[in-house]
Amino acid sequence: MLDKSFDPKEAEARIYKMWEDSGAFKPRAAKPTDTKDDNYSIVIPPPNVTGSLHMGHALNNTIMDILIRFNRMKGKAVLWQPGMDHAGIATQMVVERKLAAEGKFRKNMSREDFLNHVWDWKAESGGMIEKQLRRLGSSCDWSRSKFTLGAAPHADKAEVKNQKNMADAVTKAFVEMYEAGLIYRDKRLVNWDPHFQTAISDLEVENIEKNGHFWHFKYPLAGGETYTYVEKDENGNVTLSEERDYISIATTRPETMLGDGAVAVHPDDERYAPIVGKMVRLPLADRLIPIITDEYPDMDFGSGAVKITGAHDFNDYEVAKRNDIPMYSLMGTRGEMIESEIMPAKYVGMDRFAARKAVVADIDAEGLLIRVEDKKIMQPYGDRSGVVIEPMLTDQWFVDAEKMAEDAMAKVNDGSTKFVPENWKKTYDHWMENIQPWCVSRQLWWGHQIPAWYGPAVDPETKEIDWENPRAKYFVADNEANMLGEAALYYSAAENDLTFDVVEDDCDFSLVAQERRFDNMVPLQRDADVLDTWFSSGLWPFSTLGWPDSTEELARFYPTSVLVTAFDIIFFWVARMMMQGLHFMKDENGEGVVPFDDVYIHALVLDEAGKKMSKSIGNTLDPLDLIDGVSADTLVEKRTRGLKNPDKAPQIAKATRKAYPDGFEPYGADALRFTLASQAGQGRNIRLSVDRIAGYRNFGTKLWSAASFGQMNGCTPVAGFDPSSATLPVNKWIISETAKTAMEISRCIDTYRFNDAADAAYKFTWDTFCAWYLELSKPLLSGEDGTDKDETRATFAWVLDQILKLLHPFMPFITEDLWAKIGKGRDTHLITAQWPTYGEELIDVDAVAELEWLQTLITNIRSVRADMNIPPSKKAPLLLCGDTLDPRLETYAPQLSPMARVEHVELAAAVPENALQTVVDGVQYAIPLAGLIDMDAERKRLAKEIEKAQSEIEKIDRKLGNEAFVAKAPEKVVTLQKERRAGYAAEVETLQAALDGLG
RNA sequence: GGGCGAUUAGCUCAGUGGGAGAGCACUACAUUCACACUGUAGGGGUCACUGGUUCAAUCCCAGUAUCGCCCA
């Protein structure tokens, strides 16, 4: 006997362990007959090691697990490669915070000590998310789990042993790309985080709209020159004309004016034409800067004149480069104003925001402040630090992404990699076409240290070493020995007899250099910076498979079958994997091989109001709360804990209690997965509805209870049962429907239509199997023993088995549990059972037609009875009004009795008094119910049905009456309309006869 | 300002150049032996708006409005 319902709390952990212990998550052994199509692989988008499971992960991993389980059951060798991302800045922050709480600070530690702390933290608290992914049922091969920082210096011994290639991969990639001219060192404008004091990627910058100001300043013309400033309206009439000795500029960031290199106006701007090429006196700094023309200024915005601060603004940077305008760096790594030839002494050392106030005040004091405007401005914030990001001119390592993008775009254009849905290709192309140099260095400690060493340069003329600039020359090599080899070669050009000294990366190199020169010892120091995390995640599809070693996995599973990810990292991750994959993975002809055949882009999971889930809005849903259940109190507590803005707590608490007054019941992983799958349409986002999760939990219970019914009726799986051997139409019909559904689900999963696949499985299970087949089979199962009963039992069990298989990718736990419980002694687990491969050959059109007729008959009888408020307890005969009794009525009398409350069936020449009437396939049926029928109501009901059919006929007649329609529409469409009309006409005729019969 | 996308039942969403769909919610009835996490039946939509293409538009095209996301 089965329990009353499935208990996810008890079963999920037990079943998951069974799967893992059974080795089912590992790829099956290779067979000599395997072709590329027999191998199926997915690399997980590596979650951050600091991360915890959120809805996006739940959706992402549900989709991957559906694909993985489906293909595994199809008999392919399947690898789902898991792992984690070391998330440079996020992890460093987490550990720094933890240390700060203990009164320890990174600044006071050596790099080595700090890294030891981070590895300790990772061993203890990192990677919680892998445990959480298991709760979802994710069938990854955990034994192969990789870490983007695996085997980096100071790593745990275990890490080093299993992941040596992960560090090798990064070093090799960097060195090779450098040697190929794809990596270079340059001074460019980057996003600088003054809190963490590192360059960060665009991804880590969040643009937020803030209330700000727009300051309008006068920049006086040099030498007291004046000009006539004329403004005109759109008709060319002069609206303002005055003599000016200044140009008006506006800025949202006054402090940067100290570093202005020019004022730019649009070349078409007549207002400033007289003064283009002249100089203005930059206030406070007392420098002269030119007025130049450039396409960048918008004539209609502000005064139309723009100050150009090349070193502190991305647009200005481009203008400055185009026009050869000098760029002056104003700030240090903490965003403080620094001493320089152009910096007035009074601002040196001021924080950038203090400097802003001072600059405004000082300009005002000079009488050059025109006005201050309130304005909404977009400001860039570091998503981790929360401070305003500063564009800064710094020396960094860059990847020449433009070169690599060409290949990456070509491979999508030629279909080597396909985006699903395909409209995402546009986003990808757009970004690739406008790609910028990729800054790959970060001023952090947690990450892969850049394999580059600095030393002084040798002057090619004098053969002398320039000891004053000890970092002028650099060497890139995969290890220190090779670097020294290169260095020896380079310095052999110098006259002196030299030796080398590789010094610590955290000591003061200039100081050391000055000491060493007296010993003719060349100091070499490794670059202290680390690589952008995305540099290592770009290698993910092949580094996880063992690259740079040539492993069996690489040969079998690269390229991977599909990448499943959300659209927000198409740029940052997908594009980079494409570029790096094509560069490093070559086929026998030296052609780059794409990292994945398909890229499936799924939606973002939003809350029920369509808002992005965010901690600060307090609308997050924790997938584990939906799986395990949570009280309203705990939910409120979780949503209000640790808010950046604690004032919002009462509001969040109120909204949460209103939305979920009772918290969540434990719905189980299957219900959550099924909900996500059924909402994973190929649209843009998913509003997660908790009601739907409850609905799909109920679906699981429905399945469970049907299985329980089968078990009570002796429907045990029969080994070797051949579905094509069934003889009873009802069994042939359900087998036909099973085959149709199996084909439909396979087709949908293959084309990434998860919602359609889930819907097909849901409808078949609930409507076709539980609502119809189960009821129709009851008389057979409770009838006398014999071949019909045996066949029905075997068919029932077979269909249920098929349902378990078809639902397994979506609801792995409950299906696996039922598989074991209803089929005791099976030699397979469901996870590795064979996916249905049958199809058309099991479809019996006659049986399908017969059962469809029966269902229509039953539905019609139920409907007329319900319409006339006949109590279900009241049984009545079913009369066929005609000459011959349909033998099918006798056949299905046992089903008609309970399902349609039919007492018995008989032939009637005429419709008796006081009978309900219905029409099926043009045949008139009567249900005599003397005393129970309100004849007026029955007349109205029939009239309404006639009216409905009539209006359909009218619509069709309008079409058929249109000559152009008949002439131009395809014959098939015209025939269909004629058939439809005939059907409705027959119905009207019979219903009219019935109505007339009532008098 | 530029780009992408959405607008279909009360809610959340599918869908198709030719008969408007699902789940949830709602209404009525039902305690009939798989299931009340149930069953049966039912109500409910000018498919955002305006034009155009077409024999035919919810679907294709253009524009408008509203909303969302990304970029500046």
Side-chain angles (χ1 to χ4, degrees), chain A residues 2 4-6 202 207 298 300-301 314-315 378 380 421 423-424 426-427 430-431 434 567-568 570-571 603-604 606 608-612 665 667 671 674-675 678-713 715 753 755-756 758-760 762-763 766-767 770-771 774-775 778 781-782 858-873 875 897-901 952 955-956 958-970 972-974 976-977 979-981 983-984:
Chain A
L2 285 174
K4 189 154 170 54
S5 65
F6 178 66
D202 296 346
N207 290 298
D298 177 352
D300 301 322
F301 190 73
F314 284 97
N315 290 312
M378 289 300 273
N423 57 333
W424 286 112
K426 275 192 212 163
T427 305
H430 182 256
W431 191 72
N434 297 291
F567 66 82
D568 51 351
I570 289 178
F571 308 148
L604 294 184
L606 309 177
E608 281 174 74
K611 287 231 163 62
K612 228 174 175 171
E665 292 175 51
Y667 299 117
F674 203 88
T675 307
S678 76
Q679 298 212 270
Q682 298 187 345
R684 218 164 232 241
N685 45 39
I686 291 178
R687 296 192 193 189
L688 190 76
S689 152
V690 177
D691 283 341
R692 278 187 77 144
I693 302 176
Y696 292 123
R697 184 271 319 264
N698 296 355
F699 173 63
T701 307
K702 186 78 180 174
L703 173 67
W704 185 271
S705 126
S708 170
F709 169 84
Q711 200 181 45
M712 284 187 283
N713 285 279
C715 304
R753 306 190 60 90
N755 57 325
D756 290 335
D759 284 353
Y762 183 94
K763 280 201 182 80
W766 199 309
D767 298 339
C770 292
L774 192 144
E775 295 299 335
K778 275 179 184 171
L781 293 172
S782 60
I858 291 171
T859 304
N860 281 14
I861 296 169
R862 283 170 169 172
S863 181
V864 295
R865 288 178 56 114
D867 274 354
M868 288 298 110
N869 290 316
I870 309 302
S873 54
K875 283 200 161 190
S897 167
M899 295 179 76
R901 320 305 299 153
E952 287 299 321
K955 268 201 261 178
I956 297 166
R958 262 197 303 263
K959 249 181 210 178
L960 290 169
N962 182 345
E963 277 175 38
F965 172 71
V966 181
K968 293 194 180 177
K972 228 172 77 186
V973 173
V974 178
L976 176 75
Q977 294 304 323
E979 280 169 7
R980 287 187 60 221
R981 193 194 185 286
Y984 284 117

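Just so we're on the same page: letters track the sequence lines, and every chain starts at 1.
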Could you summarise the pairing of RNA chain B as dot-bracket text, marking Watson-Crick and G-U pairs under 3.5 Å with ( ) or [ ] inside the strand and | across strands?
(((((((..((((....[..)))).(((((.......))))).....(((((..]....)))))))))))).
Among residues at least two apart in sequence or on other chains, which ones pass side-chain contact (heavy atoms from CB on, under 4.5 Å) with A/Pro970?
A/Val973
Residues which pass side-chain contact (heavy atoms from CB on, under 4.5 Å) with A/Arg981, listed by chain and number, not counting sequence neighbours:
A/Ile953, A/Ile956, A/Asp957, A/Leu960, A/Ala985
Can you check whether A/Lys702 has a side-chain N or O nearer than 4.0 Å to OP1 or OP2 of B/G39?
yes
Set of residues satisfying side-chain contact (heavy atoms from CB on, under 4.5 Å) with respect to A/Asn713, sequence neighbours excluded:
A/Phe709, A/Cys715, A/Leu781
Any N/O pairs under 3.5 Å between the protein and nucleotides 41-44 of chain B? List them or say none.
{"from": "B/A41", "atom 1": "O3'", "to": "A/Ser863", "atom 2": "OG", "distance (Å)": "3.4"}
{"from": "B/G42", "atom 1": "OP1", "to": "A/Ser863", "atom 2": "OG", "distance (Å)": "3.1"}

OP1 or OP2 of B/A34 less than 4.0 angstrom from a side-chain nitrogen or oxygen of A/Lys778, does that happen here?
yes
Assign a letter to each nucleotide of nucleotides 24-31 of chain B from its 5' end: B, base within under 4.0 Å of a protein heavy atom; S, sugar-phosphate only; -, no contact.
S-------
What about the rings of A/Tyr762 and A/Tyr696, do their centers lie closer together than 6.0 Å?
yes
Which residues pass the salt bridge (Lys or Arg N to Asp or Glu O under 4.0 Å) test with A/Lys778, sequence neighbours left out?
A/Glu775
List the residues meeting ring pair (Phe, Tyr, Trp, His ring centres under 6.0 Å) with A/Phe965, not counting sequence neighbours, and say none if there are none.
none
Could I get the full list of side-chain contact (heavy atoms from CB on, under 4.5 Å) partners for A/Lys955, not counting sequence neighbours?
A/Glu952, A/Arg958
What side-chain donor-acceptor pairs closer than 3.5 Å can you find for residues 863-872 of chain A, not counting sequence neighbours?
{"from": "A/Arg865", "atom 1": "NH1", "to": "A/Lys874", "atom 2": "O", "distance (Å)": "3.1"}
{"from": "A/Arg865", "atom 1": "NH2", "to": "A/Pro871", "atom 2": "O", "distance (Å)": "3.1"}
{"from": "A/Arg865", "atom 1": "NH2", "to": "A/Lys874", "atom 2": "O", "distance (Å)": "2.4"}

Winner on side-chain proximity to A/Val973, out of B/G18, B/C37, B/A34, is B/G18
Distance between the C1' atoms of B/C69 and B/G23, in whole angstroms?
27 Å
Does the base of B/A34 carry an N or O that pairs as donor and acceptor with the side chain of A/Ser705 under 3.5 Å?
yes
Can A/Ser708 and A/Lys4 be counted as having a side-chain donor-acceptor contact under 3.5 angstrom?
no
Short heteroatom pairs, N/O only, protein and nucleotides 55-57 of chain B, under 3.5 Å:
{"from": "B/C55", "atom 1": "OP1", "to": "A/Lys968", "atom 2": "NZ", "distance (Å)": "2.4"}
{"from": "B/C55", "atom 1": "O2'", "to": "A/Asn962", "atom 2": "ND2", "distance (Å)": "2.9"}

Considering only B/A36, B/U12, B/A34, which nucleotide approaches the side chain of A/Glu775 most closely?
B/A34
If the cut-off is 4.0 Å, is A/Arg980 near the phosphate of B/G18, judged by side-chain N/O to OP1 or OP2?
no
Please enumerate all residues that pass ring pair (Phe, Tyr, Trp, His ring centres under 6.0 Å) together with A/Phe6, with sequence neighbours excluded.
A/Trp704
